[in-house]
Undergrad: 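Structure incoming, see below.
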2 protein chains.
Amino acid sequence: MTDNHTSAEMVGERLREVILRGELHPGEKLHQNRLAEQLGVSRTPLRTALAALANSGLVVYESNCGYRVREFSPEQIRGAFIVRAELEALACMLAAPNMTEALSKQLFDLVAEGDRLLADGHLLEESHAPYREMNVRFHKLIQTIAGNPWIADFVARLHNVPLTSDRIILWEHWKIIHRSHDDHRRIAEALSHGNGMRAGAIMREHVLFAMDYLLSQLNSQPEGTLRIVPDRAKAQNRKTSKRKP
Amino acid sequence: MTDNHTSAEMVGERLREVILRGELHPGEKLHQNRLAEQLGVSRTPLRTALAALANSGLVVYESNCGYRVREFSPEQIRGAFIVRAELEALACMLAAPNMTEALSKQLFDLVAEGDRLLADGHLLEESHAPYREMNVRFHKLIQTIAGNPWIADFVARLHNVPLTSDRIILWEHWKIIHRSHDDHRRIAEALSHGNGMRAGAIMREHVLFAMDYLLSQLNSQPEGTLRIVPDRAKAQNRKTSKRKP
DNA sequence: AGAAATCAAAATGGATCCAAAATTGTAATT
DNA sequence: AATTACAATTTTGGATCCATTTTGATTTCT
C-alpha cells in the first residue's frame, strides 16, 4: 500500500515516524552528514526528504543553518485540536447528505469492532493497536464520505504534531474510553439518519474533550504514562547567537 | 521581508508565482533539465524546490516519473472555498475575545482604505493592486488576531489553488465589489463589539458568495475576463501508460 | 497489418565533489 | 580578564557525474 520506492520517500517516511514517536527531540538539530550515514543513504535523498518535511510542518528550516525538529508550544497543540474539532465537525455536516445504506453499514461495522474490543469491560494491552486503528479508520471514513479532500489533508497535517498524532491513545481510564466510543456510536447513528448538524456537534465535543484530557495529562504528569512528552530537560544547547561581524 | 537567500528558496517562490499565475498549465510535465536551464540553476536546488512544492500541493510527484503541475477539478475548487469559509469564520470567532482598541483601529483603517479606493463609485484600474493588497491584509489581520497559526497556514494553502489565489480579483461588477467591501465593514464592527458569532456568520457568507460568483464566471465564460483559466485545450499529451515488462 | 519484443534516447534518482557560509577555537589586543 | 579579531574546522548549498528506470521508436514475428 504505502510502498514508496525512492530512497527519498523511504527516508522521509522513516524520519516522520521517528519524529512523531519522539525519538528526535523538538528543537534538535538535524545534521545532514550524521543522519545520512545513520540512515544509510547519501545526503541528496535526505535533503529531498527534509525539504518535504519542512513544508509538512515537522521540521523547520533556516537558510544556511539547516533543519531542526519543530517544537510546538502547548498553545499550538491546543490550537491544533480546536481546528481539528471544527474540520471534523464540518466533515460530518458534509457527509450527512452523502450517506447510503452501504456507508452506514461500514460505519456501524467499525462501531461493532470497537464493541468487541471493549467487550471485557476494559481494553486489553494487546487490543490497543487494533482499537487505535479502528479509531483512525472511523474518522477517516467520515472524511471520505464528506468528499472534500482538503479536510482529510488538513486533519492529517494536524496529526503531524507529536502529541496529537493519531497513533497515541493515552486514555487509560475506562470511563473516558467508553464515553469516547459511545460518541462514535452516536455519530454513526446521527449520520445514518442524515443529521449532519447533530453528528457534527457530537464530533466537535468528541475532539475538544480529547484535547482537554490530553492537556490535563500533560500538565499533571509531564512524564508518566507518556514517554512521548518532549523532554524539555534534554532539549539541549541551542545558541541562537546572531552577531553581525 | 521575504528575502530568501538560497537558490532553492528563490526557485521555489518563482515557480509558485508562475504556477499560480497560470503560466504553467495544470497537468504539464516539469522537465528538470529544461526548467533548471530556464531558471539558471542546476538541477539540485530545483529538485529541492519541487520536493517542497509537492508537499505544499502545487505540484504532484510520482516515483520515477517526476513532477507535474497539479490540476484541480471545479469540485476541488469548490471544496477549497467551503473549507476556507469555515476556517475564516472560525478565525472570527477566535478573534473576537482578543480584540483591543488598537486592533479595532487597525481593522477600521483597512476598511477606510477600501472606502478611499472605492470613493469614486467604481474601482479604477490602477487601484486594483492596492485594493487586492488591502483585502489580503484585512483577512490576514483577523487570522493574526485569532492567534491560531494553523488557521492562517491552512487558509494560505487553500490559496495555493490557481483560481482561488488571493491575487485574483475578478469582481468587475460594482455591486458585487461594493457588497464585498460592506461585508468587511460589518465584520470589523461585529468584531470590535466582541461579537464573534456574528462576524463569523458574515465572513462565512462573504467567502461562500465569492465561491458562487467565481464558479458562475467559470461556467459562463471559460475564457473571458479571466485569462487565468487553465486552457484545457492546451492540456497536452499525458499518456498514463502503465505496462509491466 | 498488428502486436510484441528489442534497442536507443532521455529523464529521473542518487552519490560525489566543490564552493561558500557558519560555527568553533585560538590568539592577540585593550 | 574580557573582548575582539582571526584562522581552522565543520556544515550547508550547489554543480557535476553516474546508474537505473522510463519512454519512444524501430524491428521482428505471428
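Order of the sequence lines fixes the chain letters, A, B, ..., with proteins taken first and strands second; residue numbering starts at 1 for each chain.
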Undergrad: Can you find a side chain N or O atom of Tyr67(B) that sits less than 4.0 Å from OP1 or OP2 on dG13(C)?
TA: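 No, Tyr67(B) has no side-chain N/O under 4.0 Å of OP1/OP2 on dG13(C).
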Undergrad: Between residues 40-49 of chain A and DNA chain D, which residues have a heavy-atom gap below 4.0 Å?
TA: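 Listed by number, they are Arg43(A), Arg47(A).
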Undergrad: Scan residues 48-61 of chain A for pairs that pass salt bridge (charged side-chain N to carboxylate O under 4.0 Å, His left out), counting only residues two or more places apart or in two chains.
TA: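 Matches after skipping sequence neighbours: none remain.
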Undergrad: Can you tell me how far C1' of dT11(D) sits from CD of Glu37(A), to the nearest Å?
TA: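 Going from CD in Glu37(A) over to C1' in dT11(D) covers 15 Å.
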Undergrad: Measuring only between side-chain heavy atoms, which start at C-beta, is Leu110(A) closer than 4.5 Å to Glu113(A)?
TA: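 Contact flag for Leu110(A)/Glu113(A) side chains = yes.
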Undergrad: Using a cut-off of less than 4.0 Å, is there contact between a side-chain N or O of Lys29(B) and OP1 or OP2 of dT12(C)?
TA: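 For dT12(C), OP1 or OP2 has a side-chain N or O of Lys29(B) closer than 4.0 Å.
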Undergrad: For the helix from dA1(C)-dT30(D) to dT30(C)-dA1(D), what is the angle between the axes at its two ends, each from 5 pairs, rounded to 10°?
TA: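 Between the first-five-pair axis and the last-five-pair axis there is 10°.
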Undergrad: Heavy atoms only, 4.0 Å cut-off, all strands: where does Leu50(B) land among base, sugar-phosphate and nothing?
TA: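 Nothing: the residue Leu50(B), judged by heavy atoms under 4.0 Å, touches no strand.
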Undergrad: Rounded to whole angstroms, how far apart are CG on Leu30(A) and C1' on dT11(D)?
TA: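 Spelled out: CG on Leu30(A) to C1' on dT11(D) is 13 Å.
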Undergrad: Tell me the interatomic distance from His31(A), atom NE2, to dG13(D), atom C1', rounded to whole angstroms.
TA: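 Computing the His31(A):NE2 to dG13(D):C1' distance gives 16 Å.
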Undergrad: Not counting sequence neighbours, which residues clear salt bridge (charged side-chain N to carboxylate O under 4.0 Å, His left out) with Arg47(A)? List them please.
TA: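 Scan of Arg47(A) (salt bridge (charged side-chain N to carboxylate O under 4.0 Å, His left out), adjacent residues dropped) gives none.
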Undergrad: Tell me if the CZ atom of Arg137(B) is crowded by more than 12 foreign heavy atoms within 6.0 Å.
TA: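 Enclosed: over 12 neighbouring heavy atoms sit under 6.0 Å from CZ of Arg137(B).
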Undergrad: Using heavy atoms to find the nearest nucleotide of DNA chain C for Asn64(A) and Gly66(B) separately, return the residue whose nucleotide is more 5′.
TA: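 Upstream on the strand: Gly66(B).
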Undergrad: Measuring centre to centre across the rings, with the benzene-like ring taken for any Trp, is His159(B) within less than 6.0 Å of His139(B)?
TA: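 His159(B) vs His139(B): aromatic centres not under 6.0 Å.
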Undergrad: Heavy-atom count around Glu101(B) CD within 6.0 Å, excluding the residue itself: above 12?
TA: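 Atom CD in Glu101(B) is not crowded, with 12 or fewer foreign heavy atoms closer than 6.0 Å.
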Undergrad: Between Glu17(A) and Arg14(A), does at least one N-O distance fall below 4.0 Å, as a salt bridge requires?
TA: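 Salt bridge between Glu17(A) and Arg14(A), a charged N being under 4.0 Å from a carboxylate O: no.
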Undergrad: Return the value, rounded to whole Å, for the distance between atom NE2 of His5(A) and atom P of dT12(C).
TA: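 Roughly 18 Å, once rounded to whole Å.
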Undergrad: Going by the salt bridge (charged side-chain N to carboxylate O under 4.0 Å, His left out) test, which pairs reach into residues 150-161 of chain B, not counting sequence neighbours?
TA: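 Only Asp153(B)-Arg157(B) qualify under salt bridge (charged side-chain N to carboxylate O under 4.0 Å, His left out).
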Undergrad: In this structure, how many angstroms lie between the P atom of dT22(D) and the CD atom of Glu62(B), rounded?
TA: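 Glu62(B) atom CD is separated from dT22(D) atom P by 10 Å.
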Undergrad: Between Asn33(B) (CG) and dC18(D) (C1'), how many Å, whole number?
TA: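 Interatomic distance, CG of Asn33(B) to C1' of dC18(D): 14 Å.
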Undergrad: Applying side-chain hydrogen bond (donor to acceptor under 3.5 Å, both in side chains), name anything that partners Glu23(A), two or more places apart in sequence or on another chain.
TA: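 Checked Glu23(A) against side-chain hydrogen bond (donor to acceptor under 3.5 Å, both in side chains); matches are Arg21(A).
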Undergrad: What is the distance, to the nearest angstrom, from the CD atom on Gln32(B) to the P atom on dG14(D)?
TA: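 That distance rounds to 15 Å.
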